[in-house]
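Read the numbers this way: they start at 1 and go in the same order the structure lists the ligands and their atoms. Treat the numbers as computed from the prediction; the structure is a model and nothing was measured.
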Amino acid sequence: MSETGPPAPVVVHRVGPERAADVVTVVHAAFGARPVLDPPSTATDETVESVAATLAEHRGLLAVSGSVPVGAMLLEPAGHLLRMRRVSVDPHAQGSGVAGALVGAAERVAEEEGYDGTVLAARAELPATVDFWGHLGYDELQREGTWLTLAKALPVHVEAATADDTRQLGKRLASVLRAGDLLILSGDLGAGKTTFTQGLGEGLGVRGAITSPTFVISRVHPSLADGPALVHVDAYRLGGIEELDDLDLDTSLDEAVTVVEWGEGVAEGLAETRLEVSITRTVGGDPTGEDDVRHVRFIPVGARWIGAGLHQALA
Ligand SMILES: Nc1ncnc2c1ncn2[C@@H]1O[C@H](COP(=O)(O)OP(=O)(O)O)[C@@H](O)[C@H]1O
Ligand SMILES: [Mg+2]
């Protein structure tokens, strides 16, 4: 094998104590190369025994390039979140996507095992590291001295076989919503955005039928109890989000749950905190069918959704 050839692709494995020696080697290499902080990291104190003990209980991830270990992390449950610890990339392998591959693998593990999201501790003295997590969608949950707790709520994917299932999904989501929440619904015309919103309205207990308005772009449905109102905006025909500002909404959005029905793929770059709900038809499904499977994907954006119970309510 040529030493100057391109590096072998990075593969991430879920590992137990049998790989403790490899994991500890990568952790020592990564943390040994970092500037010494105050208080110093305890990662370099890890031994094969201490890592093996953690791996035996919760397992971890090992990234290899060819047969060479280049990255590692330990995984630990933290309530509804999966905690990533000792996130390590060998300094020689930095900049080759190892960290991103590890985090992607950890998020998949968390999703498969039904966690709400992932969490980690980072040090404010390492701004490049904090930026890295920010780019991956991690938000600051808490700050104690220079210790930051960063977390990300994970998407939830559900199939709705019938129009009523889609309505029930909206109703179940309503149980975790509160005033000030913004939902962006995307999907083609007829995907089921209004159907979903009807369930939301039912769950929130608001007044008035939720329909697809022909001329009216937005409608306020006041709560029948003392909960938040539902502001329903059909922006399908709106030119852009700026036009939303021109709408004369007499209810403050802070006091309502706001739902915007939107076309495909325009939700990006809206409010910093939002829940994106994307509804798609099954390829090859019967477009005229009364009850036809929809894929509903909930993508939480912002710290608001961490620990909000989305997964429990929807999955
Ligand atoms: N699984 C499903 N989920 C939602 N709607 C469905 C489903 N199967 C069939 N439908 C039908 O598709 C249509 C969806 O319409 P609507 O909710 O107004 O879509 P949109 O608001 O996205 O344009 C309704 O006629 C509904 O009965
Ligand atoms: Mg609609």
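- Ser212 and Thr194 share a side-chain donor-acceptor pair at under 3.5 Å.
- Residue nearest to atom 20 (P) of ligand 1, selected from Arg281, Gln198, Arg294, Lys193: Lys193 (by heavy-atom distance).
- A donor-acceptor distance shorter than 3.5 angstrom exists from the side chain of Trp305 to the backbone of Arg274, with no hydrogens or angles considered.
- Between His80 and His311, the distance separating the two ring centers is not shorter than 6.0 angstrom.
- In the vicinity of Asp188, heavy-atom distances shorter than 4.0 Å reach the ligand 1 atoms 22 (O).
- With no hydrogens or angles considered, no side-chain donor-acceptor pair links Glu140 and Gln142 at under 3.5 Å.
- Distances from atom 7 (C) of ligand 1 to the heavy atoms of Asp165, Asp292, Asp164, Thr197 show the closest one on Asp292.
- Considering each of Thr166, Ile210, Ile279, the one bringing a non-hydrogen atom nearest atom 3 (N) of ligand 1 is Thr166.
- For Glu261, the N, O or S atom closest to the Mg ion (ligand 2) goes by the atom name OE1.
- Here is the list of ligand 1 atoms found below 4.0 Å of a heavy atom in Thr194: 17 (O), 18 (O), 20 (P), 21 (O).
- An N or O contact shorter than 3.5 Å is missing between Val293 and ligand 1 by distance.
- When all heavy atoms of Thr211 and His232 are compared, the closest pair comes out as O-CE1, 3.4 Å.
- Across all their heavy atoms, Ala124 and Val130 have their closest contact at CA-CG2, 4.4 Å.
- Backbone and side-chain nitrogen or oxygen atoms of Leu189 are examined, and none is located within less than 3.5 angstrom of a nitrogen or oxygen of ligand 1.
- Residue contacts with ligand 1: Ala160 is included, with a non-hydrogen atom under 4.0 Å away.
- Distance check for Ser212 against the Mg ion (ligand 2): none of its N/O/S atoms falls below 2.8 Å.
- For ligand 1 and Thr195, the ligand atoms under 4.0 Å from any heavy atom of the residue are 14 (C), 15 (O), 16 (P), 17 (O).
- Ring-plane geometry between His295 and His157 is classed as parallel, the angle between the planes falling under 30 degrees on a 0 to 90 degree scale with a further cut at 60.
- Each of the atoms 1 (N) of ligand 1 lies under 4.0 Å from some heavy atom of Ala161.
- Every atom of ligand 1 with a heavy atom of Ser212 under 4.0 Å away is listed here by number and element: 18 (O).
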task = Quick one: do Arg219 and Val233 satisfy side chain to side chain contact (heavy atoms under 4.5 Å, CB included)? Show the steps, please.
result = CA-CA 7 Å; Arg219 193 170 274 159; Val233 182; over 6 Å; no
